[in-house]
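Model, not experiment: these values are computed from the prediction.
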Amino acid sequence: MAKFIQEASHTFNEYLLIPGHSDANCIPAAVSLKTPLVKYKKGEEPAISMNVPMVSAVMQSVSGAKLAVALAKAGGVSFIYCSQPIEEEANMVRSAKKSKAGFVVSDSNITPDATLADIVALKELTGHSTVAVTDDGTAEGKLLGIVTSRDYRLSRMPLDLKVKEFMTPFDRLIYAEEGVSLKEANDIIWDNKLNALPVVSKDGNLVSMVFRKDYEEHKQNPDELLDASKRYVIGAGINTHDFKERVPALIDAGADVLCIDSSEGYSDWQKNTLKWIRDNYGDSVKVGAGNVVSAEGFRFLADCGADFVKVGIGGGSICITRETKGIGRGQATALIEVCKERDKYYKETGIYIPVCSDGGIVYDHHITLALAMGADFVMLGRYFARFDESPSGKISINGIYYKEYWGEGSARARNWQRYDLGGVKKLSFEEGVDSYVPYAGRLKDNVKTTVAKIKSTMCNCGALTIPELQKKAVITLVSATSIVEGGAHDVITKNKQIEIK
């Protein structure tokens with residue numbers, strides 16, 4: 001007979017935090033959200049820590065190169081999706097890693113034989129007025145010149161005029177050589193009253209651009225997450241099928257951390273993947289595993305060598321695994337049980353393995369609840385899919401903008417590698433849906449607001465760090481009626497249209 005767990009499993013929305021004592025020093029500006037991303041031994045520092053406890057999901061509609069850079073600027077890590085050819089994923093990682101803090105890989109490039117009409121079209125496409133002219137029209141080609149809005153006048157020049165006729169040629173450019181520091185680059189910009197400074201290799205190939213306008217933005221990103229070479233920390237997803245080819249390509253491209261993308265992690269598929277990575281790379285390659293929803297699942301992946309463990313099955317907004325297979329567990333209950341096992345494992349071994357709560361986040365305060373329940377960070381899909389930087393398209397429906405958002409288990413993604421159990425190597429049935437989410441603007445603005453809410457709630461609990469929150473937090477279950485009471489009720493809010501007769 002099956003084993004029965006009599007206690008109901010709960011979601012984040014069924015809990016509230018009880019306020020604790022806040023002393024005079026407990027203000028949001030004093031709160032640190034620094035958190036470990038990968039495992040470490042007692043008394044040592046983790047190889048990678050984050051400045052905000054947020055990572056983006058390994059999904060086609062969420063994590064591309066653009067979002068990876070934007071999230072690293074905000075202090076988190078993006079895991080670029082793996083349901084694509086190996087070289088394409090590696091190129092995304094490579095592109096994001098080339099975006100050194102303050103050094104931008106040019107996305108507006110053209111050949112000298114192109115025309116003014118091409119310049120106008122490129123500006124409309126990228127929104128950028130500075131265009132690099134290279135021999136092959138790529139961001140890595142030999143730099144021949146620069147075109148800015150000061151180099152042409154549409155009212156006085158024919159649209160078929162060749163770029164080489166009006167560009168500022170290389171011999172008249174002020175540039176910096178590869179290896180220049182950001183401070184030195186900015187000094188050149190300010191001393192010469194430039195808007196943009198190209199950085200070139202010894203062979204004259206374009207490496208990156210430094211823009212005057214980015215100076216202030218760089219100063220406004222104090223939490224940006226950088227590696228030892230001042231490049232953004234970038235993650236990448238892998239699966240349990242082609243890992244022997246995918247992992248080397250991603251490491252060669254510069255990925256800082258990997259994450260096994262699977263619907264269920266308590267399996268020999270993940271054990272074999274982790275063993276191969278440890279046998280070939282030792283502990284130098286950092287890789288998270290999951291997903292699990294039980295203490296046994298955590299212990300299994302911990303013993304297999306996972307650097308962090310993801311918790312959650314069926315709680316994602318586009319996931320229908322529970323409907324189609326009857327598999328899963330309430331996210332809060334699963335997280336609480338796994339974190340208890342994580343703490344037990346730490347006491348036994350002296351090795352701390354971070355826990356990632358993946359799924360079930362509907363409101364910003366659910367992130368704080370997840371942290372209080374023991375999570376070191378959360379993985380978000382729908383949250384990041386709403387932003388400008390996500391790879392999906394933006395569409396207008398009845399005058400309201402939305403972003404497309406689809407699950408890896410949907411027919412659109414066809415990510416059979418995530419769900420296959422050694423079968424026919426195809427998506428036999430759907431475990432995700434294709435949907436829309438309300439467009440929300442820039443990642444930076446939204447993460448800033450979310451972080452402000454987390455810090456404010458932590459202060460209400462009398463905590464200035466995540467470990468302190470986990471130690472001090474008092475959490476209570478709430479009734480269905482209490483949930484209704486917690487929102488606006490018994491009033492007509494002013495954003496509702498009222499017909500006055």
Side-chain angles (χ1 to χ4, degrees), residues 11-23 25-37 46 48-57 62 67 70-78 220-225 233 308 310-312 315 317 331-332 335-336 339 354-387 440-476 478 486-487:
T11 65
F12 292 131
N13 217 38
E14 297 175 77
Y15 289 94
L16 286 174
L17 286 158
I18 302 295
H21 175 255
S22 302
D23 62 32
N25 296 316
C26 202
I27 58 175
V31 173
S32 169
L33 293 180
K34 188 173 182 178
T35 191
L37 176 61
I48 306 174
S49 292
M50 296 186 294
N51 295 321
V52 298
M54 303 164 71
V55 301
S56 68
V62 178
L67 189 128
L71 184 51
K73 285 183 178 181
V77 171
S78 181
Q220 292 171 7
N221 293 320
D223 290 328
E224 61 186 1
L225 198 59
V233 174
F308 65 83
K310 287 198 299 167
V311 177
S317 59
Q331 185 66 13
L335 181 62
I336 292 168
C339 288
V355 167
C356 169
S357 180
D358 177 16
I361 302 292
V362 180
Y363 305 109
D364 286 348
H365 76 267
H366 288 170
I367 298 176
T368 318
L369 276 167
L371 297 174
M373 290 173 179
D376 296 278
F377 55 96
V378 297
M379 177 171 276
L380 304 163
R382 179 192 61 84
Y383 177 90
F384 288 114
R386 304 173 300 149
F387 303 149
R442 295 196 308 169
L443 178 147
K444 178 181 178 180
D445 299 330
N446 286 273
V447 169
K448 183 179 179 180
T449 299
T450 299
V451 165
K453 292 178 182 179
I454 295 171
K455 289 184 175 181
S456 180
T457 304
M458 286 174 62
C459 286
N460 292 145
C461 296
L464 293 177
T465 65
I466 293 173
E468 191 176 7
L469 173 67
Q470 293 166 349
K471 182 179 179 181
K472 291 185 175 182
V474 179
I475 304 172
T476 181
V478 295

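Side-chain contact check for Leu33 versus Met458: some heavy-atom pair is nearer than 4.5 Å. The side-chain heavy atoms of Leu37 and Pro354, taken from C-beta on, include no pair separated by under 4.5 Å. Residues Leu225 and Val77 meet the side-chain proximity criterion, which asks for heavy atoms closer than 4.5 Å. Here the side chains of His366 and Asn13 are in contact, with some heavy-atom distance below 4.5 Å. Between Met379 and Lys310, the closest side-chain pair of non-hydrogen atoms falls below 4.5 Å.
Judged purely by atom type and a 3.5 angstrom limit, Ser456 has no side-chain atom pairing as donor or acceptor with the backbone of Ala452. With hydrogens and angles disregarded, a donor-acceptor distance shorter than 3.5 Å links the side chain of Lys472 to the backbone of Gly462. At least one donor-acceptor pair closer than 3.5 Å links the side chain of Asn51 to the backbone N or O of Asp223. Side chain of Gln470 to backbone of Asp376: no donor-acceptor contact under 3.5 angstrom is found.
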Is there a side-chain contact (heavy atoms from CB on, under 4.5 Å) between Asp358 and Val311 once you walk through the steps? CA-CA 6 Å; Asp358 177 16; Val311 177; over 6 Å; no
Using side-chain contact (heavy atoms from CB on, under 4.5 Å), reason through Ile18 and Ile475 one step at a time and then give a plain yes or no. CA-CA 6 Å; Ile18 302 295; Ile475 304 172; over 6 Å; no
Evaluation steps, side-chain contact (heavy atoms from CB on, under 4.5 Å), between Thr465 and Val31: CA-CA 6 Å; Thr465 65; Val31 173; over 6 Å; no
Taking it one step at a time, do Val478 and Tyr15 satisfy side-chain contact (heavy atoms from CB on, under 4.5 Å)? CA-CA 6 Å; Val478 295; Tyr15 289 94; over 6 Å; no
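Put simply, CZ on Phe377 and CE on Met50 are 5.0 Å apart, with the number rounded to the nearest 0.5 Å. A distance of 12.0 Å separates OG1 in Thr449 from NZ in Lys444, rounded to the nearest 0.5 Å. Once rounded to the nearest 0.5 Å, the distance linking CG of Leu71 with OG of Ser78 reads 6.0 Å. Taken to the nearest 0.5 Å, the CG atom of Asp23 stands 9.5 Å off from the SG atom of Cys459. In this structure, NZ in Lys455 is found 10.5 Å from CG in Leu464, a value given to the nearest 0.5 Å. If you take CG on Leu371 and CD1 on Ile466, they are separated by 5.0 Å, rounding to the nearest 0.5 Å.
Between Leu469 and Cys461, the shortest heavy-atom distance links the atoms CD1-CB, 4.0 Å. For Val362 against Arg382, the heavy-atom pair with the smallest separation is O-NH2, 3.0 Å. Among all heavy-atom pairs drawn from Val447 and Ala74, the shortest one is CG1-CB, 4.1 Å. Of all the heavy atoms in Val55 and Cys356, the pair that sits closest is CG2-SG, 4.4 Å. Gly381 approaches Val62 most closely through the heavy-atom pair O-CG2, 3.6 Å. The nearest pair of heavy atoms linking Ser357 to Ala375 is CB-CB, 4.0 Å.
A salt bridge links Arg442 with Asp445: at least one charged nitrogen is closer than 4.0 Å to a carboxylate oxygen.
Arg386 forms a cation-pi arrangement with Tyr383, by the criterion of a distance under 6.0 Å to the ring centre and an angle within 45° of the ring axis.
The one candidate from Leu335, Val378, Leu17 that meets the side chain to side chain contact (heavy atoms under 4.5 Å, CB included) condition with Leu369 is Leu17.
Ring centroids of Phe12 and Tyr363 are separated by 6.0 Å or more, keeping the two rings apart.
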